[in-house]
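Each ligand, and each atom within it, is numbered from 1 in the order the structure gives.
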Amino acid sequence: MSEQRAFAKMNGLGNEIIVADMRGQCDRIAPAAAIALARDPATKFDQIMAIHDPKTSGTDYYIEIINCDGTQAQACGNGMRCVVQALAAETGRDNFTFETLAGILTAEQHAGGLISVDMGKPHLKWQEIPLAEEFNDTRRIELQVGPIDAPVLHSPSVASMGNPHAIFWVDQDVWTYELEKFGSLLENHPIFPERANISIAQITASDALTLRTWERGAGLTRACGSAACAAAVSAARLGTTGRNVTVTVPGGPLEVEWRNDDHVVMTGPAEWEFAGSFDPATGAWTRDTAAAKRGVA
Ligand SMILES: N[C@H](CCC[C@H](N)C(=O)O)C(=O)O
């Protein structure tokens with residue numbers, strides 16, 4: 001049994017997040033531990049955000065992101081907001097610089113409690129997403145679901161926010177499409193050599209869209225922050241919205257701004273649920289009834 005580590009169960013608009021304190025320790029959370037925590041109804045999560053000591057000078061922490069199937073993700077917008085809220089409660093600071101597999105990100109907690117994360121620049125070339133085939137225009141690629149002459153979904157936009165996304169544009173309410181039926185098929189489609197997060201999106205105004213996401217390595221979730229960013233960027237590239245968009249996901253609204261310096265900034269809430277400690281090797285855990293301070297450590 002390895003040393004018990006503190007965690008906070010949180011959520012970002014219903015995206016179920018575990019923020020785990022791995023500081024001061026070289027170990028990583030074992031995929032089997034992640035899978036065990038995901039199976040327990042009390043700790044069921046979409047992503048674990050593991051806070052590690054910094055690797056690069058000028059950054060505060062290294063964040064490892066683990067999906068509920070035990071695989072790693074490069075980016076997780078909702079999870080980053082949870083990390084910021086937990087660290088702000090612990091340290092009293094409101095600005096942080098993180099390193100993730102997607103690069104270096106900055107984030108800020110505002111006076112009212114909302115949190116903005118600078119998700120960096122989108123990557124829009126087919127090799128960067130990555131796709132298995134050359135597409136010079138990633139605003140719409142050839143891919144469809146359903147009968148060849150009457151596809152249910154077709155011609156998605158693709159973008160990378162450090163992690164791969166495909167967004168299928170639809171005319172009707174996003175809830176009328178059975179994303180649970182074709183999500184996994186599209187996630188694992190050979191056009192996506194690293195698999196992909198799959199979203200359906202409806203433009204509702206020149207500054208608003210609604211979005212549902214089937215996440216790579218996690219399935220249907222109530223919110224996906226990086227998908228909200230990828231959808232907002234793709235809508236602006238297609239000219240269907242401007243560069244400031246309210247993205248309404250099943251868990252609620254996120255504000256996304258694709259700034260003129262090419263950075264995508266996402267703003268939304270985070271919510272603390274309970275604290276505990278867990279074994280990073282096995283996932284065995286206990287609830288910490290005394291932890292009322294809403295941090296992780
Ligand atoms: N929930 C996350 C995305 C997790 C990404 C993950 N499913 C992957 O790319 O493998 C978000 O808020 O951005």
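- At under 3.5 Å, not a single nitrogen or oxygen of A218, backbone or side chain, sits near a nitrogen or oxygen of ligand 1.
- Residue C224 places a heavy atom less than 4.0 Å from ligand 1.
- For the pair T221 and ligand 1, no heavy-atom separation below 4.0 Å is found.
- Atom 12 (O) of ligand 1 has its closest protein heavy atom at G225 N, 2.6 Å.
- When only interatomic distances are considered, the shortest N/O to N/O separation between Q47 and ligand 1 falls below 3.5 Å.
- Considering C224, S226, C76 in turn, S226 is the only one that fulfils the side-chain contact (heavy atoms from CB on, under 4.5 Å) rule with N163.
- For the pair Q47 (side chain) and I65 (backbone), a donor-acceptor distance under 3.5 Å is absent.
- Ranking protein heavy atoms by distance to atom 6 (C) of ligand 1, first place goes to N67 OD1, 3.3 Å.
- Polar contact check, G79 against ligand 1: no nitrogen or oxygen pair lies under 3.5 Å apart.
- The main-chain N or O of T97 is found under 3.5 Å from a side-chain atom of D60 such that the two form a donor-acceptor pair.
- By the 6.0 Å and 45° rule, R5 does not stack over the aromatic ring of F278.
- With a 4.5 Å cut-off on side-chain heavy atoms, D53 and Q25 do not count as touching.
- Of the candidates E215, E194, Q74, it is E215 that places a heavy atom closest to atom 4 (C) of ligand 1.
- Ligand 1 places these atoms under 4.0 Å from at least one heavy atom of R216: 6 (C), 7 (N), 8 (C), 9 (O), 10 (O).
- Scanning all protein heavy atoms for the shortest distance to atom 2 (C) of ligand 1 gives C76 SG, 3.1 Å.
- Among all non-hydrogen protein atoms, the one lying nearest atom 9 (O) of ligand 1 is N197 ND2, 2.8 Å.
- Between Q72 and ligand 1, no N or O atom pair is found at a separation short of 3.5 Å.
- Taking the ring axis of F274 as reference, the NZ or CZ atom of K9 does not stay both within 45° of it and closer than 6.0 Å to the ring centre.
- Look at R23 and E90 and you find a salt bridge, because one of the NZ, NE, NH1 or NH2 atoms lies within 4.0 Å of a carboxylate O, short of that distance.
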